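Counting starts at 1 for both ligands and their atoms, in listed order. Just so we're clear, the structure is a prediction, and the values are computed from it rather than from any experiment.
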Amino acid sequence: MAGIEIVQGDITTQAVDAIVNAANSSLMGGGGVDGAIHRAAGPTLREECRHLRATDYPEGLHVGDAVATGAGDLPCRYVIHTVGPNRHEGQIDPRLLASCYTRSLDVAQQLGVRTIAFPAVSAGAYGWKVADVARIALTTVAAHSRDGIDLVRFVPFDPTSCAAFEAACAGLG
Ligand code: ADP
């Protein structure tokens, strides 16, 4: 059974096999954690995303889905891009957010990833309360098969988010 841990910080510096990006459907980069990942990864990642979009995802990646690329200059091997639900566009179904976490784990398992770090998907520009994100993230990951995965690390960016993840983790019992 994979361990779950919470480490406050910057996801771009995590020494894990894969980090998850809270991308947008265009896969063309954006602000928040997406911008930070693209800045740290450099032009190779942008080019890979552009290629994916042009080939496999001409209409963009769907909300709740996930897809992997290489990681450019980042210390990890893969970036797994997932698109969180945007509350400002009425995407309020928690199953969409849960799907980001399950699909990312599925993709990670297919790649043989053993260690993976997640941000608080949808807790920034997409308007979800971080306490809700933390609860959905923790319960979803705890319930999902983590065969082959040794470590799932949640990386909340700031102390408030970190407290929300710690509370949600404690709530798992
Ligand atoms: P979304 O559009 O899915 O809401 P955002 O990137 O706006 O995505 O925010 C998601 C979460 O990621 C927020 O809690 C934000 O504080 C956090 N975040 C921003 N930069 C980083 C980073 N470098 N590492 C980890 N988390 C980050």
Side-chain angles (χ1 to χ4, degrees), residues 4-42 44-46 49 52-53 57 60-69 71-105 107-108 113 115-141 151-169:
I4 293 179
E5 67 180 21
I6 297 160
V7 176
Q8 189 196 327
D10 179 351
I11 203 163
T12 66
T13 65
Q14 303 299 312
V16 287
D17 293 339
I19 65 170
V20 174
N21 180 19
N24 58 50
S25 149
S26 78
L27 294 172
M28 300 308 243
V33 71
D34 195 5
I37 287 172
H38 274 279
R39 274 193 302 281
T44 327
L45 179 59
R46 181 131 358 244
C49 286
L52 252 189
R53 175 71 200 275
Y57 297 94
L61 185 64
H62 287 148
V63 175
D65 201 359
V67 65
T69 61
D73 298 335
L74 288 164
C76 54
R77 284 164 61 206
Y78 302 105
V79 177
I80 298 174
H81 308 265
T82 190
V83 183
N86 185 348
R87 280 197 91 84
H88 304 304
E89 291 184 359
Q91 293 161 354
I92 60 169
D93 186 340
R95 287 172 299 187
L96 289 171
L97 187 55
S99 173
C100 292
Y101 287 89
T102 54
R103 285 287 304 130
S104 295
L105 285 176
V107 168
V113 161
T115 55
I116 181 169
F118 281 99
V121 177
S122 288
Y126 282 2
W128 284 65
K129 285 187 194 138
V130 71
D132 292 337
V133 173
R135 183 178 35 79
I136 291 163
L138 262 303
T139 53
T140 302
V141 168
L151 175 70
V152 178
R153 177 179 296 163
F154 292 98
V155 186
F157 198 41
D158 56 84
T160 307
S161 304
C162 193
F165 273 80
E166 279 167 356
C169 196

Does the protein put any heavy atom within less than 4.0 Å of atom 15 (C) of ligand 1? no
To check you understand the geometry: which heavy-atom pair defines the closest contact between Ala41 and Ala71, and what is its length? CB-O, 3.6 Å
Considering distance alone, does some N or O of Pro119 sit under 3.5 Å from an N or O of ligand 1? no
Provide, to 0.1 Å, the distance between atom 23 (N) of ligand 1 and the closest protein heavy atom, together with that atom's residue and name. Asp10 OD1, 2.9 Å
Taking every non-hydrogen atom, the tightest pair across Arg103 and Ala66: NH2-O, 3.5 Å
When you compare ligand 1 with Ser161, is there at least one nitrogen or oxygen pair between them that comes in under 3.5 angstrom? no
Per-residue contact class, Ala125 against ligand 1 - non-hydrogen pairs under 4.0 Å: both
Rounded to the nearest 0.5 Å, how far does CD of Gln8 lie from OG1 of Thr160? 8.5 Å
Residues 18-34, side-chain donor-acceptor partners within the protein, below 3.5 Å, at least two apart:
{"from": "Asn21", "atom 1": "ND2", "to": "Asp34", "atom 2": "OD1", "distance (Å)": "2.8"}
{"from": "Asn21", "atom 1": "ND2", "to": "His81", "atom 2": "ND1", "distance (Å)": "3.3"}
{"from": "Asn24", "atom 1": "OD1", "to": "Ser26", "atom 2": "N", "distance (Å)": "3.2"}
{"from": "Asn24", "atom 1": "OD1", "to": "Ser26", "atom 2": "OG", "distance (Å)": "2.7"}
{"from": "Asn24", "atom 1": "ND2", "to": "Gly29", "atom 2": "O", "distance (Å)": "3.2"}
{"from": "Ser25", "atom 1": "OG", "to": "Leu61", "atom 2": "O", "distance (Å)": "3.3"}
{"from": "Ser26", "atom 1": "OG", "to": "Met28", "atom 2": "N", "distance (Å)": "3.0"}
{"from": "Asp34", "atom 1": "OD2", "to": "Gly30", "atom 2": "N", "distance (Å)": "3.2"}

Give me the atom names and distance for the closest heavy-atom approach of Pro85 to Tyr126. O-CB, 3.5 Å
Answer with yes or no whether Thr12 contacts ligand 1, where contact means a heavy atom under 4.0 Å from a ligand atom. no
Residue, atom and distance of the protein heavy atom nearest atom 8 (O) of ligand 1 read Ala22 CB, 3.8 Å
If only atom types and distance count, is the side chain of Tyr101 paired as donor or acceptor with the main-chain N or O of Ile136 below 3.5 Å? no
Which residue owns the protein heavy atom closest to atom 24 (N) of ligand 1, what's the atom, and how far is it? Ile11 N, 3.0 Å
What atoms of ligand 1 come closer than 4.0 angstrom to any heavy atom of Ala36? 23 (N)
Work out which heavy atom in Ser99 is nearest to a heavy atom in Gly64; give both atom names and the distance. OG-O, 2.6 Å
When distances are taken from atom 12 (O) of ligand 1, the protein heavy atom at minimum range is Val33 CB, 3.9 Å
Any Gly9 heavy atom less than 4.0 Å to ligand 1: yes
Taking N or O atoms only and a 3.5 Å limit, does Gly124 qualify as a polar contact for ligand 1? yes
Of the backbone atoms (N, CA, C, O) and the side-chain heavy atoms from C-beta on, which set of Ile37 has a member under 4.0 Å from an atom of ligand 1: side chain, backbone, both, or neither? neither
Looking at every heavy atom in both Thr139 and Arg135, which two are closest together, and how far apart are they? OG1-O, 2.8 Å
Among Ala120, Gly32, Ala123, Ser122, closest by heavy atom to atom 11 (C) of ligand 1 is Ala120
Identify which one of Val79, Leu74, Val155 satisfies the side-chain contact (heavy atoms from CB on, under 4.5 Å) criterion when paired with Thr12. Leu74
Does ligand 1 have any atom sitting under 4.0 Å from a heavy atom of Gly84? no
CA sep, side-chain torsions, deciding dist, call: Phe165, Val130, side chain to side chain contact (heavy atoms under 4.5 Å, CB included): CA-CA 8 Å; Phe165 273 80; Val130 71; 4.2 Å; yes
